[in-house]
Amino acid sequence: MKTEITDLLKIKYPIIQGGMAWVAEYHLAAAVSEAGGLGLIGAANAPVEWVREQIREVRRRTDKPFGVNIMLMSPSADEVAKIIVEEQVPVVTTGAGNPEKYMTMWKEAGTKVIPVVASVAMAKRMERCGADAVVAEGTEAGGHIGENTTMVLIPQIVDAVSIPVIAAGGIADGRGIAAALMLGAKAVQIGTHFVVTKESQVHDNYKKAILKAKDIDSKVTGRTTGHPVRALRNQMTKDYLKLENEGASPEELEMLTLGGLRKAVVDGDVVHGSVMAGQIAGLVKEELTCQELIQKLVKETDTLMRGTNCYE
Ligand code: TUI
């Protein structure tokens, strides 16, 4: 499965693990990279020294390429951006904002820069300021999301830029990967299915919530505040959406979500916490090791793609 992305990132398979807040730590990232994908550490709102330690732990476990995802709304984004350079991280992805101001610094350090975007305009802007590739993330994804679906976003971004495009949002099996490649993507980013892997350190309640999720169990909170977030429906999303419909203030709404992801991932409170997951959660039915999952995805994709010539 050789593509422009496997060449660019020096990985075996065009499969990237999402840089999920609280979830994407070193056990998961190292396992994904060791299995031939690209593992990511999700810096999210974490303290910078935590990020540095995570990078070093990944390096203790694998000599394969890996990356760090920076959540640009984080107060520590500036400091984490510097750590990428200091630790010579091979790949950086960014989410929830515009990483332009860090671009020169990262490029000079030889780090491959891959911003996550949710629109054609942002993809073009990232290409102009020197991005090596973009992750185009559809609204099917979990967590903080944009408006367009993966199906409409990928072909439009592929036509608008010359750098390779990585598809994200709604992909959890070989059919999704094959479809993304057919739309012109050169790789995929998968989040939700990697949450439910043996190496993933999330609370068992979180994994069980994804495993039992159905197609209609996904909700988006925060549309009125300008920060839409997709999570599995529970008491928290119910209370939030009720308040949101009643016109509650952003401060009131924030009270409900504050620390909600940590509550679900670490404490296992999947009733009052934020169980961020993509719409494809309904397709995730088993907990595999990262190696088993990646091999399954590659085999399924390969079977579907046989007879076509779409990898390169
Ligand atoms: O970043 C994500 N997903 C995330 S971040 C996150 S942490 C969080 N926790 C609680 C509340 C809010 C966030 C959970 N999930 N995905 C990548 C992504 N980036 N999706 C959409 C975007 C995006 C949006 C706007 C990228 C660029 C952008 O540009 C705006 C601008 O500055 O012009």
Side-chain angles (χ1 to χ4, degrees), residues 4-11 14-34 37-118 122-123 125-137 143-144 163-166 168 186-187 189-191 194 201:
E4 279 172 58
I5 289 294
T6 58
D7 287 346
L8 177 75
L9 305 181
K10 301 182 174 66
I11 53 178
I15 298 171
I16 295 162
Q17 165 236 318
M20 302 163 284
W22 287 103
V23 175
E25 49 66 72
Y26 71 85
H27 296 92
L28 183 62
V32 172
S33 287
E34 196 53 27
L38 186 82
L40 293 184
I41 294 158
N45 280 320
V48 283
E49 286 314 312
W50 179 89
V51 180
R52 197 192 298 280
E53 199 43 46
Q54 295 287 313
I55 293 167
R56 293 182 178 174
E57 289 293 343
V58 171
R59 283 210 161 103
R60 273 183 209 122
R61 285 163 173 77
T62 183
D63 56 5
K64 300 204 166 66
F66 67 97
V68 171
N69 173 270
I70 304 189
M71 210 276 281
L72 296 167
M73 291 192 305
S74 165
S76 51
D78 282 352
E79 283 178 275
V80 178
K82 284 190 205 125
I83 283 196
I84 302 298
V85 176
E86 286 166 21
E87 298 292 321
Q88 302 254 291
V89 175
V91 184
V92 63
T93 70
T94 63
N98 181 349
E100 241 167 279
K101 65 173 172 178
Y102 309 122
M103 206 65 97
T104 311
M105 176 174 91
W106 289 336
K107 301 286 294 182
E108 279 172 2
T111 295
K112 301 285 184 249
V113 184
I114 311 184
V116 179
V117 300
M122 199 64 182
R125 193 162 170 175
M126 293 300 100
E127 176 177 49
R128 270 201 308 276
C129 71
D132 295 282
V134 287
V135 173
E137 187 180 275
H144 176 73
I163 51 176
V165 176
I166 299 160
K186 300 295 180 191
Q189 178 179 282
I190 292 178
F194 279 117
Q201 306 291 303

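Treat the numbers as computed from the prediction; the structure is a model and nothing was measured.
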Spatial distance of atom [atom1] ([X]) from atom [atom2] ([Y]) [nearest 0.5 Å]:
| X | Y | atom1 | atom2 | answer |
| --- | --- | --- | --- | --- |
| T111 | M105 | OG1 | CE | 9.0 Å |
| I83 | I41 | CD1 | CD1 | 10.5 Å |
| I55 | I84 | CD1 | CD1 | 5.5 Å |
| I163 | E127 | CD1 | CD | 5.0 Å |
| N98 | C129 | CG | SG | 6.5 Å |
| T6 | K10 | OG1 | NZ | 11.0 Å |

side-chain contact (heavy atoms from CB on, under 4.5 Å) partners for [X], two or more places apart:
| X | answer |
| --- | --- |
| N45 | M71, S74, P75 |
| A136 | L153, I154, I157, V165 |
| A31 | E199, C290 |
| E49 | R52 |

Residues that [X] engages under side-chain hydrogen bond (donor to acceptor under 3.5 Å, both in side chains), provided they are two or more places apart:
| X | result |
| --- | --- |
| K101 | D78 |
| R128 | none |
| K107 | D132 |
| T93 | N69 |

Minimum heavy-atom distance [X]-[Y], with the two atoms named:
| X | Y | result |
| --- | --- | --- |
| A29 | V58 | CB-CG2, 4.1 Å |
| A109 | V85 | CB-CG1, 3.9 Å |
| S76 | A46 | OG-O, 3.2 Å |
| V116 | G95 | CB-CA, 4.4 Å |
| L72 | G97 | CD1-C, 3.3 Å |
| P90 | R59 | CD-NH2, 3.9 Å |

* Assess whether side chain to side chain contact (heavy atoms under 4.5 Å, CB included) is satisfied between Q189 and E137, documenting all intermediate values. => CA-CA 9 Å; Q189 178 179 282; E137 187 180 275; 4.1 Å; yes
* To do: Quickly, which of E86, E79, K82 forms a side chain to side chain contact (heavy atoms under 4.5 Å, CB included) with V48? Name it, please.
  =>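 The passing option is E79.
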Answer yes or no: is there a side-chain heavy-atom contact under 4.5 Å between [X] and [Y]?
| X | Y | value |
| --- | --- | --- |
| P99 | M126 | yes |
| K112 | L9 | yes |
| P164 | I5 | yes |
| V32 | L38 | no |

* Asked: Does anything in residues 37-47 pair up under salt bridge (Lys or Arg N to Asp or Glu O under 4.0 Å), and if so which pairs, sequence neighbours excluded?
  -> none
* To do: Quick one: which residue pairs count as a salt bridge (Lys or Arg N to Asp or Glu O under 4.0 Å) with a foot in residues 14-34, not counting sequence neighbours?
  =>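 Counting only pairs at least two positions apart or across chains, the salt bridge (Lys or Arg N to Asp or Glu O under 4.0 Å) contacts touching residues 14-34 are E34-K64.
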* **Step-by-step side chain to side chain contact (heavy atoms under 4.5 Å, CB included) determination, M103 to V113** => CA-CA 8 Å; M103 206 65 97; V113 184; 3.4 Å; yes
* Asked: Checking side chain to side chain contact (heavy atoms under 4.5 Å, CB included) for the pair I16/V135: CA distance, chi angles, key distance, verdict?
  -> CA-CA 10 Å; I16 295 162; V135 173; 5.6 Å; no
* Asked: Are the side chain of Q54 and the backbone N or O of Y26 linked by a donor-acceptor pair below 3.5 Å?
  -> yes
* To do: Check whether any side-chain N or O of S33 sits under 3.5 Å from a backbone N or O of G39 as a donor-acceptor pair, and report yes or no.
  =>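 Here the side-chain-to-backbone pair exists.
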* Among residues two or more places apart or on two chains, list those pairs meeting ring-ring contact (aromatic ring centres under 6.0 Å, His included) that have a residue in residues 49-71. =>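 Not a single pair qualifies under ring-ring contact (aromatic ring centres under 6.0 Å, His included).
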* Asked: Under the ring-ring contact (aromatic ring centres under 6.0 Å, His included) rule, what pairs show up with a residue in residues 74-111, not counting sequence neighbours?
  ->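 Listed by first then second residue: Y102-W106.
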* **Cationic N near anionic O, under 4.0 Å, E57 to R60** =>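 R60 and E57: salt-bridged.
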* Mind running side chain to side chain contact (heavy atoms under 4.5 Å, CB included) on Q201 and L28 for me, showing each step along the way? => CA-CA 8 Å; Q201 306 291 303; L28 183 62; over 6 Å; no
